[in-house]
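Reminder, nothing fancy here: chain letters follow the sequence lines and each chain counts from 1.
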Number of protein chains: 2
Amino acid sequence: MNIATDTRSRIIAAAKPRFHSRSYANVGIQEICESAGVQKGSFYHFFPSKRDLVMAVIDEFADEWAHGFVAEAFDPALPPMERIDYLVDAAYFWQKSIKQVHGRMLGCIFGNLTLEVSTQDDILRAKLLAIFSRAKSRFKDTLEEAVAAGTIAPLDADLTAEAMLAYLEGVILLAKSQNDPEVIYRLGPAIKTLRVEAAV
Amino acid sequence: MNIATDTRSRIIAAAKPRFHSRSYANVGIQEICESAGVQKGSFYHFFPSKRDLVMAVIDEFADEWAHGFVAEAFDPALPPMERIDYLVDAAYFWQKSIKQVHGRMLGCIFGNLTLEVSTQDDILRAKLLAIFSRAKSRFKDTLEEAVAAGTIAPLDADLTAEAMLAYLEGVILLAKSQNDPEVIYRLGPAIKTLRVEAAV
DNA sequence: CTTGCATTTTACCGAACGGTCAACTAGCAT
DNA sequence: ATGCTAGTTGACCGTTCGGTAAAATGCAAG
């Protein structure tokens, strides 16, 4: 473990919970540096700008999810539609545990950042779009598998996948507005009722 | 029309598009004052704080919607489920026209603000929650009417209404991430497939 | 022992932040 | 005409913002 990479990762580690629990604009570089025990000049040695930091934070969150809950949920051994249940459950438990520790529901950092910055920074918007795009693909593959297995009636897998992703983000948004992860528990399972019929 | 109220409403008029198109933290009072042709001291004569301004802006947006598209959509003369279609269409056309003028999809200001500030300001969160709560009631009443009319099978109107609201917000979020209102056009109609079954 | 490079420190930049204050103006009622 | 009040003005508060530049440090290869 290089000292250099250590400083860099300490910066990211300090930034992650702050961007997640507040907002992009509300978290300053000075605060991050103080929390990481790093001088500002050192920060700019590793990150050309604040935007580059938040991109690294986005990547870390994405990796964390991809290797954690997402990998568990989209386990090929599970029946396809149960994978979707699993993912919604994971979102619920995650938000619930965050609230227990932090006292607040923080929601999905990708959704949070999307609504905050996507009118102001197309590079960040593209980064977040790519995250959503990958998530949608997971849903789509799962739906196609479910159709092939006869678990569900044929449908437009691409649009239904996008609809499910939208619904999940919307549920997390409403839950955050109530500061109550139980909203995810109550509304989450209805994700499987969403359908976009295949075009003829 | 009093001169006093004119200054106040000029401030709000200047603030509205800025909070909508950027974010709460990214819009400064100085900029709003310059755009409204008002001195900062005058601003603080009408608004005790920035938060009070954004609350007035929220109220204006809410009124605008309530007396515009929402009133049209939830017209008792329309068959219940068509009202929901109407509302989704209204969201689509609104975002589309904003993009034509502004070059960007701005999304729903209530959703935008919710994700940005609700972990940092419980008063604003409560304000936004009340907006969502009213919207949910509209959906709920409509669903109950549709069930009574036999248009749709019985369901849990309260939870389904909340699910539909969540879906609408989620669709707008995804559309914003793509800067493309057509996402609303494609995904919107699936809102009627959402169902939460009534508890036995 | 020296050169070179990555890293770190420290001081600094101009601009903007939300908010305050006292002085001033205008209109209206007594 | 006078006094009260709502509204307005413009200067000012301390703090923080994202970002820069130059000098100092540590370390490793030649």
Side-chain angles (χ1 to χ4, degrees), chain A residues 1-58 113 116-125 127, chain B residues 1-58 113 116-125 127:
Chain A
M1 180 66 73
N2 200 340
I3 292 174
T5 55
D6 178 63
T7 298
R8 198 187 125 97
S9 60
R10 271 202 341 266
I11 292 170
I12 293 176
K16 269 178 76 180
R18 286 174 171 79
F19 284 136
H20 193 195
S21 69
R22 311 226 290 281
S23 71
Y24 180 62
N26 197 56
V27 176
I29 284 159
Q30 190 168 309
E31 176 192 347
I32 290 167
C33 288
E34 279 164 17
S35 155
V38 163
Q39 296 301 111
K40 200 186 262 193
S42 230
F43 173 93
Y44 279 98
H45 176 74
F46 290 101
F47 299 97
S49 71
K50 187 183 184 185
R51 180 213 270 157
D52 291 274
L53 168 66
V54 83
M55 295 225 277
V57 167
I58 290 169
L113 287 173
E116 181 182 359
V117 307
S118 60
T119 54
Q120 305 175 56
D121 189 323
D122 271 329
I123 293 173
L124 284 181
R125 187 174 64 77
K127 180 107 197 162
Chain B
M1 182 65 72
N2 198 340
I3 292 175
T5 56
D6 178 64
T7 298
R8 197 187 125 97
S9 59
R10 269 199 346 263
I11 292 171
I12 294 174
K16 269 178 76 179
R18 285 174 172 78
F19 283 137
H20 193 195
S21 69
R22 310 225 292 281
S23 72
Y24 180 62
N26 197 57
V27 176
I29 284 160
Q30 190 168 311
E31 175 192 347
I32 291 167
C33 290
E34 279 164 18
S35 155
V38 162
Q39 296 301 112
K40 201 186 261 192
S42 230
F43 173 92
Y44 279 98
H45 177 74
F46 290 100
F47 300 97
S49 70
K50 187 183 184 185
R51 179 214 271 158
D52 291 275
L53 169 65
V54 84
M55 295 224 276
V57 167
I58 291 168
L113 287 174
E116 181 182 359
V117 307
S118 61
T119 54
Q120 304 175 56
D121 190 323
D122 272 328
I123 293 173
L124 284 180
R125 187 175 63 79
K127 181 108 197 161

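Side-chain atoms of A:Glu116 come within 3.5 Å of backbone N or O of A:Ala25 as a donor-acceptor pair. Without hydrogens or angle criteria, A:Lys127 side chain to A:Val54 main chain gives no donor-acceptor distance under 3.5 Å.
Atoms NE2 (A:His45) and P (D:dG26) sit 16 Å apart, rounded to a whole Å. The nearest whole Å value for the distance from the CD1 atom in B:Ile11 to the C1' atom in D:dG7 is 11 Å. As a whole-Å value, the separation of B:Gln39 CD from C:dA22 P is 18 Å. The CZ atom of A:Phe46 sits 17 Å away from the C1' atom of D:dG19 (whole-angstrom rounding). Here the P atom of nucleotide D:dT8 and the CD atom of B:Glu34 are 17 Å apart, to the nearest Å. Residue B:Phe43 contributes atom CZ, which lies 17 Å from atom C1' of D:dG10 at whole-angstrom precision.
With respect to A:Asp6 and A:Arg10, a salt bridge is recorded, a charged nitrogen being found less than 4.0 Å from a carboxylate O.
Closest approach of A:Arg22 and B:Thr119 over heavy atoms only: CA-OG1, 4.1 Å.
Remark: A:Ser9 OG to A:Phe46 CZ distance equals 9.0 Å, nearest 0.5 Å. Annotation: the span from A:Asp52 atom CG to A:Ser49 atom OG amounts to 3.5 Å, rounded to 0.5 Å.
Within the structure, a side-chain polar atom (N or O) of A:Thr7 is placed less than 4.0 Å from OP1 or OP2 of C:dT8.
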Using a cut-off of under 3.5 Å, enumerate the N/O to N/O pairs linking the protein to nucleotides 16-18 of chain D.
unit_1: D:dG18; atom_1: OP1; unit_2: A:Val27; atom_2: O; d: 3.4
unit_1: D:dG18; atom_1: OP1; unit_2: A:Lys50; atom_2: NZ; d: 2.6
unit_1: D:dG18; atom_1: OP2; unit_2: A:Ile29; atom_2: N; d: 2.9
unit_1: D:dG18; atom_1: N7; unit_2: A:Lys40; atom_2: NZ; d: 3.1

